[in-house]
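Everything below concerns the one structure shown next.
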Amino acid sequence: MSTVGRLVVWSAVVGTAVALALVPRSHERLTTYASVSPRLAAADVVAALALLGACVVGLLLEPARPGLVALALAAAVWTTQDWAGWYDGPQFVATVGVVLAPLLVPLLAHAVLAAARQLRRMRAPLTALYAGAGVVAVLHALFYDPFLDEDCWNTCTIKNVLLVAAQPDLGHRVAAAWLLVTAITGAALVGLVISWTTVATRAAVRLRGPAIVAAMVLGGVLLTQSVARWRRPRVDPRTSLDAGLYLALVVAVVLVAAAWAYGPLLDRWTRRGVAHLVRGLGDAVAAGTVARVIAAATGDPSVRVVYRLPSSGGYADAEGRHVDPPHYGPGALPVLRDGHELAVVLHDPDATGGDAVRSVMGTALMLALDNERLRSEGLAQLADLRASRARVVETGDAERRQLERNLHDGAQQRMLALSFDLRRAVAGARDPEARTVLASAEAESRTALAELRDLAHGIHPAVLEEAGLAPALATLADRAPVPVDVQEDLDGRLPPSVERTAYVVVRDAVAAAAADGSQGVTVTLTEVAGDLVVEVRGAGPGPFRSVEDRVAGAGGHVVVAPDRLRAVIPCAS
Amino acid sequence: MRVVVADDVLFTRAGLVRLLAEAGCEVVGEAHDLDSTLRETLVNRPDVVVLDIRMPPTHSDEGLVAAARIGADLPGTGVLVLSSYVEPAYAMRLIDDHPEGVGYLLKERVSDTAVLVDALSRIVDGECVVDPTIVARLVGRRRRTDPLDVLTEREREVLALLAEGLSNRAVAERITVTERTVEAHTKLIFQKLGLDADPLSNRRVQAVLAYLRSAT
């Protein structure tokens, strides 16, 4: 809070207290409500004390809270009615009392809107209301002569020290216009309350309940008062109508003060709750705890926390999953450190104000948030790395497949055509020597074809893609230099990447077994709980670095024992 | 003999057409993918369709798909699948889908006119033809305790020829013995391996291939 703001609040509080103490309330002349009866005099003091009390709560707990200045000024302005009726006091004081009186309406509206956490949204109409009250105050000061006011009651004996020229007609019109503005303000408050309550969540009710009641009562009182004044401009505090209206206004003021004070009190209570929740946060808290703590503290279950990833500039949730960048604005509170964004707290802007969220972000929660952010970043990087590794494997596979196709459709076909031609040339050759050379060339071409075929199969076995893992492994067993027994009980086809990974596991394990002089291997393929388990007995002890990399690339893992290798490959993508 | 030739690679198809012409066949239609193969076959009603296993649109197993469709729509039409893959799985699927008058040969095999003519005439006779390379690989496969060890050298030779789809008579001609001798060999082989002897050539081929594939 600025020094000026603090000064204003303190002087308003002190001024009000002084005014309360100094201004006489009880005398024979009818100049204020307080002078009518001890009951109304007590009500006058109760309202002022309620506003002062709320101010003290705000100053002690949260001096920066919006609405505190309005509340303090409302307390001061509340006492002006007593100044105006101070018929034997200084004329200047009475004049100021008369001039400032209209400001009570915007100040109370300001305080109740602040209590309802609706200031941001209602800034424009509130400013207009202040402006209207200001205009009325200025017109009063310059042109209002209480002597000429036929409806005067408390100010009839006052001399307006600021008067420039008495303008009774203007005064009437201003008074009528102000009544209209007051009525509209009252109606608008009632309307606002209705709009809030129709969309209220449990959290919103918890936050705004008192403010809703206060705004409803204040709106109703303002509206009723305007209507009553419209029908009978002259005030007579002795009538039960005017006395009742005054008491109603006192109730509204007390409610506004209480509703506003409820905000800092609730936040303090919440912070205590958060401190309690956060105290249990060690290093090993579950992901999402920060969001849960804020949600519990603010009562807004929609609270989410997204963490900024410094490496990519993107965002991730507590589990490290990438999320869309948040939309800044109401409902998105960035958490900064040294000007760098650490995280963004997303909340329901209608239920929870940014200030409510900010108020729970204590040191302990910031520590927890930092922990969670680091973990989220680590998890996101890990996920990126996994995805990138899977893509590398996938790309490699696709390239091998393409290479095999190119070989099959290109070199193999050319070589085939060549062997056809050579065969025909052999058949047609008359010269025995030429025939011998051609026959040899034809044999060479067939050897080349066989080698090309083996090469293509080694690069990528087409049967794996077209017929599946079992036939491909059967062919692998046919060609293997050691006996390979394949036992499989697979139900249909598996995802292509899983089949390719399993094939590579068996191929490399068999090759390693053959190199080790194994007597034979037994391959078993089983599906266990969504994983394909490939076990190659008789292969080992490794190392199987490329198999491990390949399986890890598919999100699985490899266990190598002295005589066997077991790969677990997840089938769900 | 009326033949339809299907291969998506133009110079391979041209080479096949020339080889078939030299082998005395009449090429009545040419095709380059699955649809045109089926169309040419329906229109020209050839005795045999010679087709590439891998053709558009997917370049995977169109030849096998075409063989199954031809077997279902025009029974009695022979199919010779030419392939670059030494894959028993494809040959076995082919025989499963189109049990009579079918053959699976490696492409380079047909450059030998005698082999081509022999295969085509056997297919027309309703027999099966399996490429010797495939059979040799199955027979020669590494096994821990080879059940084929109980067979004599001659019996193994006969078993391989049976797996290639040869009839008893054809086996007899190939190894220059009498048909009766082959029948005796066959009976003994099946007895030793515990297989049911089936007089039908294609079922016998299936049984032998399946046995060779599963024995470890």
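Treat the numbers as computed from the prediction; the structure is a model and nothing was measured.
- Of the listed residues Glu404(A), Arg446(A), Gln412(A), Met415(A), the one with more heavy-atom pairs under 4.5 angstrom with chain B than any other is Glu404(A).
- For Arg93(B), no part lies near chain A; criterion is any non-hydrogen pair under 4.5 Å.
- In this model, a donor atom of one side chain and an acceptor atom of the other lie less than 3.5 Å apart for Gln413(A) and Thr12(B).
- When Asp454(A), Val426(A), Thr522(A) are compared by the number of non-hydrogen pairs under 4.5 Å with chain B, Thr522(A) comes out ahead.
- Leu16(B) touches chain A through backbone and side chain together, each having a heavy atom under 4.5 Å away.
- Ranked by non-hydrogen atom pairs under 4.5 Å with chain A, the options Gly140(B), Ser84(B), Pro88(B) are led by Ser84(B).
- Looking at Arg500(A) and Glu394(A), a side-chain N of the basic residue comes within less than 4.0 Å of a carboxylate O on the acidic one, giving a salt bridge.
- Contact tally against chain B (heavy-atom pairs below 4.5 Å) for Gly520(A), Ala470(A), Pro461(A): the top residue is Gly520(A).
- Between chain B and the residues Glu465(A), Arg424(A), His457(A), Gln519(A), the largest count of heavy-atom pairs under 4.5 Å involves Arg424(A).
- Comparing His59(B), Met92(B), Arg18(B) by how many heavy-atom pairs each has under 4.5 Å with chain A, the most go to Arg18(B).
- Both the backbone and the side chain of Asp112(B) come within contact range of chain A, judged by heavy atoms closer than 4.5 Å.
- Ion pairing between a basic and an acidic side chain is recognised when a charged N comes within 4.0 Å of a carboxylate O; Arg453(A) and Glu108(B) show such pairing.
- Here Leu106(B) is the residue among Leu106(B), Asp7(B), Asp8(B) with the most heavy-atom pairs under 4.5 Å with chain A.
- When only modelled atom types and interatomic distance are considered, Tyr104(B) and Glu87(B) share no side-chain donor-acceptor pair under 3.5 Å.
- For Asp478(A) and Arg213(B), the salt-bridge test passes: some basic side-chain N is under 4.0 Å from an acidic carboxylate O.
- A salt bridge does not link Arg401(A) to Asp397(A): none of the charged nitrogens lies less than 4.0 Å from a carboxylate oxygen.
- Taking a cutoff of 4.0 Å between a charged side-chain nitrogen and a carboxylate oxygen, Asp485(A) and Arg537(A) do not qualify as a salt bridge.
- Between chain B and the options Ser419(A), Ala417(A), Ala474(A), heavy-atom pairs under 4.5 Å are most frequent for Ala474(A).
- Chain B forms the most heavy-atom pairs under 4.5 Å with one residue out of Ala450(A), Ser445(A), Ala462(A), and that residue is Ala462(A).
- For the 3.5 Å distance criterion, the side chains of Asn406(A) and Gln402(A) qualify, holding a donor opposite an acceptor.
- Heavy atoms closer than 4.5 Å to chain B are found in the backbone of Val482(A), but not in its side chain.
- Of the options Lys107(B), Arg109(B), Arg137(B), a salt bridge (charged side-chain N to carboxylate O under 4.0 Å, His left out) to Asp131(B) is made by Arg109(B) and by none of the others.
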